[in-house]
Amino acid sequence: MKFATWNVNSVRLRQNLIADWLERHDPDVLMMQEIKCETAAFPADFFIERGYASAVVGQKSYNGVATLVKGDRTEIVTDHLPGFDNPAARYVEIRTQGLVFGNLYLPNGNSGGEEGYATKLAFFEALTARAEHYLREETDFIFAGDYNVCPAAGDCAPGALAPDDALVRPQTRAAFRRLIWLGLTDALRALHPTETLYTFWDYQAGAWQRNSGIRIDHALLSPRVAERLVSVFPDKDERAMERPSDHVPLLVTLRDKTEG
DNA sequence: ATGACCTTCCGTGAAGGA
């Protein structure tokens, strides 16, 4: 089973790029963030023609998440993160393959002053509660998306972010650790504990050419899912494409349940 | 170097991104 998370930075602008990537990698599930369109404007038919049903939570201009699932139908479990009292389109949850897939786009936290930053922490609090809920009832889950968190020093190229950026603030990293410490596995670090691997390179200042990247897109796995982990990598090649997103897909492969 | 880049919108610059 293969799944991926990808902040696509406008799904309409990049639908062909996404379709090409789907054809090459053939994931069962693709969780997209920053689709930047209303739900009704999402190119659902385009993806149906390519073998994927979609679960879409959009809004005008900003944010927006959508999960593609191989097949002709899928159903939304929730179109918002329970306990996060905010209308922004930042969370969609589905079930498929015996798993819950939470697709999330965490607030950046650099805009809106301390209130904007507090919104980021509030999202984390609600996400942590959601994880606790599923752990308690022993439901296997994957929470993947754009966390807007650089978990550790090695996840940030020197100078790529200011020391007080909301992506690296101590409180931000602590919130991420609290979530992990419930017993979740950061898929990438489980298999690549020290390798320098990024998922985002700014469009500005030749960040890509200088490899001035950061790792902010993550897939967190509940315990039984983590045991099935086979491979995980950020598909860096995608950043070198024509008119790319500033994020690349993070692709994860799991063993089938029956393979033990 | 207060720089740079990209996307959206009843847009023609501003806001948000990270």
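Model, not experiment: these values are computed from the prediction. Just so we're on the same page: letters track the sequence lines, and every chain starts at 1. All values below were derived from every heavy atom in this structure, side-chain atoms included, with hydrogens, water molecules and symmetry-related copies excluded.
Taking atom P in both dG13(B) and dA18(B), one finds a spacing of 26 Å when rounded to whole Å. One C1' atom belongs to dG16(B), the other to dA1(B), and the distance between them is 23 Å to the nearest Å. Annotation: dT2(B) and dT12(B) have their P atoms spaced 29 Å apart (nearest Å). If you take atom P in dC10(B) and the same atom in dA15(B), they sit 16 Å apart, rounded to whole Å. With C1' as the reference atom, dC6(B) and dG11(B) are 15 Å apart, rounded to whole Å.
Between Asp155(A) and Arg173(A) there is no salt bridge, since no side-chain N of the basic residue sits under 4.0 Å from a carboxylate O of the acidic one.
Residue pairs meeting the salt bridge (charged side-chain N to carboxylate O under 4.0 Å, His left out) criterion with at least one member in residues 6-15 of chain A: none, sequence neighbours excluded.
A 4.5 Å side-chain heavy-atom check between His80(A) and Val57(A) finds every atom pair outside the cut-off.
When heavy atoms are screened at a 4.0 angstrom cut-off, Tyr105(A) is found touching the sugar-phosphate backbone but no base atom. Nucleic acid contact for Asp202(A): base, since at least one base atom lies under 4.0 Å from a heavy atom of the residue. No contact: Asp217(A) has no heavy atom under 4.0 Å from any strand. Using a 4.0 Å heavy-atom cutoff across all strands shown, Asn63(A) reaches no nucleic acid atom at all.
Listed for the Thr128(A) side chain is a donor-acceptor partner under 3.5 Å among the backbone atoms of Phe124(A). A donor-acceptor contact shorter than 3.5 Å links the side chain of Asp28(A) to the backbone of Lys2(A).
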| request: Output, in order, the C-alpha distance, side-chain angles, deciding distance and verdict of ring-ring contact (aromatic ring centres under 6.0 Å, His included) for His247(A) and Phe200(A). | output: CA-CA 4 Å; His247(A) 298 247; Phe200(A) 169 94; 4.9 Å; yes
| message | Walk me through whether Asp186(A) and Arg215(A) qualify under salt bridge (Lys or Arg N to Asp or Glu O under 4.0 Å). | response | CA-CA 12 Å; Asp186(A) 175 345; Arg215(A) 186 176 77 96; 3.0 Å; yes
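DNA chain B is contacted by both Ile216(A) and Ser61(A); Ser61(A) maps to the nucleotide lying nearer its 5′ end (nearest heavy atom per residue). Residue order along DNA chain B, read from the 5' end via each residue's closest nucleotide, puts Arg12(A) first among Arg12(A) and Asp246(A).
Helical stems involving DNA chain B, defined as 3 or more consecutive Watson-Crick or G-U pairs under 3.5 Å, span B:5-9 with B:13-17.
Cation-pi geometry between Arg169(A) and Tyr117(A) is met: under 6.0 angstrom from the ring centre, within 45 degrees of the axis.
In 5' to 3' order, the nucleotides of DNA chain B bounding all contacts with chain A (an atom under 4.0 Å from a heavy atom) are dA4(B) to dA18(B).
Aromatic pair Phe84(A)/Tyr91(A): ring centres not closer than 6.0 Å.
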